Protein chains: 2
Amino acid sequence: SVNPDLGSERQTASFSVERLTALLDGGAEQTRIRRAVVEAIQSDPVFSRENQYFQTQNERYEAAVRKAVHLQKKMHEMGWTENGPEYKYIYRALSGDVAFLLHRVFMRSISVLGSDRQIAKWIPLATQHKLIGSYAQTELGHGTYLQGLETTAVFDTATQEFILNTPKISAMKWWPGDMGRSATHTVVFAQLYIHGKCYGIHPFIVQIRSLQDHSLCPGVTAGDIGPKMNFEHIDNGYLLLKNVRVPRENMLSKFCEVRPDGTYVRQGSQQINYFTMTSVRISLISDEVLIPLKKACTIAIRYSVVRRQSKLKPGEQEAKILDYQTQQEKLLPQLAAAYAFHFTNDYLQELFDKGYREIQRKNFDMLPELHALSSGFKAMITQHCTAGVEICLRACGGHGYSLLSGLPSLYTKILASCIYEGENTILLLQTARFLIKCFMAASAGQPVPPSVTYLAAVKHGKCPAKNKLDFLSPDIYTEAYQHVAVRLTSSTAAKLQDLIQSGDKKHDAWNQCTVQLVQAAKAHCHYIAVKNFAETVEKLETKAGIQKIMKHLCDLFALHGIFSNTGAFLHDGYTSAAQMDMVTAAYLDLLAAIRKDAVPLVDAFDFTDQSLNSALGSYDGQVYQRLYEWAQKSPTNQMSPAYERYLKPLLHNTLSKL
Amino acid sequence: SVNPDLGSERQTASFSVERLTALLDGGAEQTRIRRAVVEAIQSDPVFSRENQYFQTQNERYEAAVRKAVHLQKKMHEMGWTENGPEYKYIYRALSGDVAFLLHRVFMRSISVLGSDRQIAKWIPLATQHKLIGSYAQTELGHGTYLQGLETTAVFDTATQEFILNTPKISAMKWWPGDMGRSATHTVVFAQLYIHGKCYGIHPFIVQIRSLQDHSLCPGVTAGDIGPKMNFEHIDNGYLLLKNVRVPRENMLSKFCEVRPDGTYVRQGSQQINYFTMTSVRISLISDEVLIPLKKACTIAIRYSVVRRQSKLKPGEQEAKILDYQTQQEKLLPQLAAAYAFHFTNDYLQELFDKGYREIQRKNFDMLPELHALSSGFKAMITQHCTAGVEICLRACGGHGYSLLSGLPSLYTKILASCIYEGENTILLLQTARFLIKCFMAASAGQPVPPSVTYLAAVKHGKCPAKNKLDFLSPDIYTEAYQHVAVRLTSSTAAKLQDLIQSGDKKHDAWNQCTVQLVQAAKAHCHYIAVKNFAETVEKLETKAGIQKIMKHLCDLFALHGIFSNTGAFLHDGYTSAAQMDMVTAAYLDLLAAIRKDAVPLVDAFDFTDQSLNSALGSYDGQVYQRLYEWAQKSPTNQMSPAYERYLKPLLHNTLSKL
């Protein structure tokens, strides 16, 4: 039975939840396929996540391997293929709780970096799990700066082999997933040496464990790097190589080849490599970043209409905590951000697909813009969503802090997204470099990519809003965001030039501007996110109340961004103090307006109880009952040796002293 | 041997590290005592924290109980007493990793709320561990709002007993530490009923487990609430009471008594109760909030001079990451905040001691101010320090995400401080209520407490700074903070009055202002923290470079607060855009200036390697070696059944298919 405090919230939805779900999925047919996959996965007990919060790292790893192996069988049974429409929903249905993700990266890197012959040899082996692959790039001492990797691969013309070594401890491979315990093979990135000359980083396929008994191969030291903040199910590993030899054919050689005599031949364009990174950064946004925020919003908002605390009005029943303005101000902007970034993701996907088509036609013109946008948005969205999940957790008070709420795991996992696939600050500086370059080009009247043409039009106007309702006009707020992005980019470009003109070296000047460059990159991404949300709303069907509620969320997303960062908008007087007070008033009004639809808006994300795995967030809102039931199953309610060993002697000793 | 990249940082300290340590400790003699305690504790293998990151929740609990029991012996051996000078250092030396903390709260609540007879009976029993106590206030459905607690205690005149019940699931006691598995007794807060009339919440001593065999007492259901984000070592518990009878004498009766005939007598002042909460909020700041931030700064800053990544200048060696402006901008403001709040804590302690002396003289005048300041600062400092620890964690990239860095545990633990002992938003609203009240009083010419007299002096001036160096003047920035606090308080007071005058009910008007009230409360606390830091620096000895470096940190703390929240200062034109650019320039200059002393500044916190328990933060900076050594000990490097069960069949099956 549904908790009436939650049930009543669903009676008054201003829009059709089912239609909104279909919109998010990209059509009702997609919703149908997704639900079928979820149903098939979640009804299979092998994929159960029950008791997950009670398991040790070893148990989590074992379960993830079991699920990965079972998934092969399941896919075969269900007739799902890697190219089928169901495939993209499997990972979501499993809540990512599965091993062998790096096996897929292993395959992708061979597909992208390998020659046709290498692809023909290795991909079938990997597809049929005749081996388990991993991807060994990061080292103890090197992450971001690939050129600094220290592992070496020396070509031995006599034996036609590469000899791989880990010359010092900081060169040890560290972090690769699936490598700590599972993988039999990996792609090792190493500095290539031929006849004593270094040719830079290249990828090599290396077998690390026996296919017969899984023992480590000669010269290989490998293991698990131990506990992390999350990802207990993944065996992130270390790898130390000592004179490990691989045949010449094991260097992935689509772009570079070493001939038998040691001649080094570079062929084709490596630009596609950047495209791979772009692809990974965009693809992680949906599953690894948006879903956790959507789940956190679902949990926190459902809980906030079930939890009653203190009285809003004297003499009345205690109030639902979502009726407090401060609670709305915590949660509803996160909900708006989840929707905003959902549409940003659609925008990036579309741009990426377009870029991919161009690249297939050998046109690489879009690459710099795609790289800048994917880097900046990866950083901006992971940052916002991580902060959002933390806000949701804290908004649930003590119960949010219990693992059983599901929120701590969402937080500790999403946090990693700020670090992996490019540390966020580094990525924002990549975007900033692009912005500065384009700003200079635009100032010089040269053409620039579509997303940055606005930089050419430096306007010195003022925000025209006259009352708080004007701030519900997308033109008004989009213009304000644009103004800030231009101002931050142009002022930082000016500082950079000033420093260089006053004698600073280029790299010194750059370093002295990086704090402000990061601000400019964020402002650019924020502007595009707001603009894209507004344009998306514009195009929505007006039926079923969808457009109206999405417009509210778009307004909230935009005004929250202004309210939380007023200085950027006030700085040069574009927005006046009186206008900022209007923003505040409009923003607070929106909270009250959206609050009524808060539960339907999270229902539309359509998470099953099993995928939320939260004692606070289930569809029926039976929070306290579930917390109690789950707690009773905790291993901490088994007999502890602490009583016999320590408590009994303490208590009895003192009793006998009476 | 010390990593030379770390060692070189210590050569150039601009001040005496040892003198700064003594300053932080409150004198060289205190440093000596602290170090002796740390030495005694950390040289005892029973207190070892080795392998802590590999332990299960059950193992952590067992270790914490073992340590708590052993601590009794240790204190006896060392001649340490609860009133001795060593006592306050024990918890820090143990890094809080010990059980029976709630036993102490049990004792304190009896001391404060119990009659002389009750104190005489229970305190000796507790002191000698003839029982293990806990404190059962929070319920599944109730935290903040004590009046809403649902547990009942009905007085039975016939038997002269109270009958305690948990009438529904939301009334179940939930969270009390030491109660899940250890406690034999607890103080239960329940609604008192006599002859059918409710007299509100009262405390009752209830035995929950047998002193002989530790089995649950009749009518008692209790257990552990399961896994949390941290605090694995604590058995937070649940408690369900069914017709549990306790004698009339078990109601703590310093302030209220139930006579044998059921007559209810209230005696004395309950104001002291607020004082207890104030005392707890202030006392947690040092151990639970400042120490984690100081540790996180130590780990992240030491790591940032050992980690080299990318090149700052072409052709040179890779740069220490602390040489990047963005890394400085992440870490150095956290370091400045750690010092700022250290001195805020001194200020609060002093105020508290003064208040305590007054109260002993039956003068309760200081209570409202103390309550407001302790609430506001508890919220502000826990919030800032939690965010600071997270920034430190993320600033260490992937290695920060490993549990072995120590940073995840610091984060997941300090996060709880934002929730316990008063949820932060609620606390800030308490401070805001005080501010509004005082602002109204001050506006009406009435006297107000010292910390808020500034509210009376609403000035409409402008910031007088003329160049960036002016912003290194404490008068300039303190005045700016004051201006913002006055503006936010007065404008919110005006909004509140407007709403009420336009017909809104008082409570409705209040709720509509809470987002802004929270801002006002934060601005007030921030102003006092800045002012106090500046005044502290003023009084420091100028010798040994201490004052100079503290002045830098004070400036950084102040300017970082402005730089991160420019809108508040720009809003009404108090600070101009040109001045804000000066703030930015002065702020970025400070980062470069303080960077040179960053390592000595964290060395001054004087943490031992054992208490940091971090592979990244040790004194010798041998980061990679230690990560590798520790990882090898992880249980994830033991044989897993996953190979035989899943991997071998998968690999062999496919191999045989060849």
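By convention in this document, chain letters (A, B, ...) are assigned in the order of the sequence lines, proteins followed by strands, and residues within each chain are numbered from 1. Remember, it's a predicted structure, so these values are computed and weren't measured experimentally.
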Please name all residues satisfying side chain to side chain contact (heavy atoms under 4.5 Å, CB included) with A:Glu316, sequence neighbours left out, ordered by chain then number.
-> A:Lys313
Relative to the ring of A:His399, is the ring of B:Trp174 parallel (under 30°), tilted (30 to 60°) or perpendicular (over 60°)?
-> perpendicular
Measure the spacing between OG1 of A:Thr326 and CD of B:Glu423 and express it to the nearest 0.5 Å.
-> 8.0 Å
Rounded distance [0.5 Å steps], CZ in B:Arg307 versus NE2 in A:His142 = 7.0 Å
Under 4.5 Å to a heavy atom of chain A? For B:Thr566 that would be both
Of all heavy-atom pairs between B:Leu140 and A:Tyr624, which one has the smallest distance, and what is that distance?
-> O-CE2, 3.2 Å
Contact winner vs chain B - A:Ser405, A:Ala568, A:Pro314, heavy-atom pairs under 4.5 Å = A:Pro314
Examine whether an atom of B:Tyr628 lies under 4.5 Å from a heavy atom of chain A, and if so say whether it belongs to the side chain, the backbone or both; otherwise answer neither.
-> both
Are any of the side-chain heavy atoms of A:Glu390 and B:Leu415 separated by less than 4.5 Å?
-> yes
Which atoms form the tightest heavy-atom contact between B:Ala577 and A:His571, and what is the distance?
-> CB-O, 2.9 Å
For B:Ala395, side chain to side chain contact (heavy atoms under 4.5 Å, CB included) partners two or more places apart | B:Gln327, B:Lys330, B:Leu331
With A:Thr636 as partner, the option from B:Asn236, B:Asn58, B:Thr56, B:Asp224 fulfilling side chain to side chain donor-acceptor pair (under 3.5 Å) is B:Asp224
Measuring heavy-atom distances to chain A, does B:Gln625 have an atom under 4.5 Å in its side chain, in its backbone, in both, or in neither?
-> both
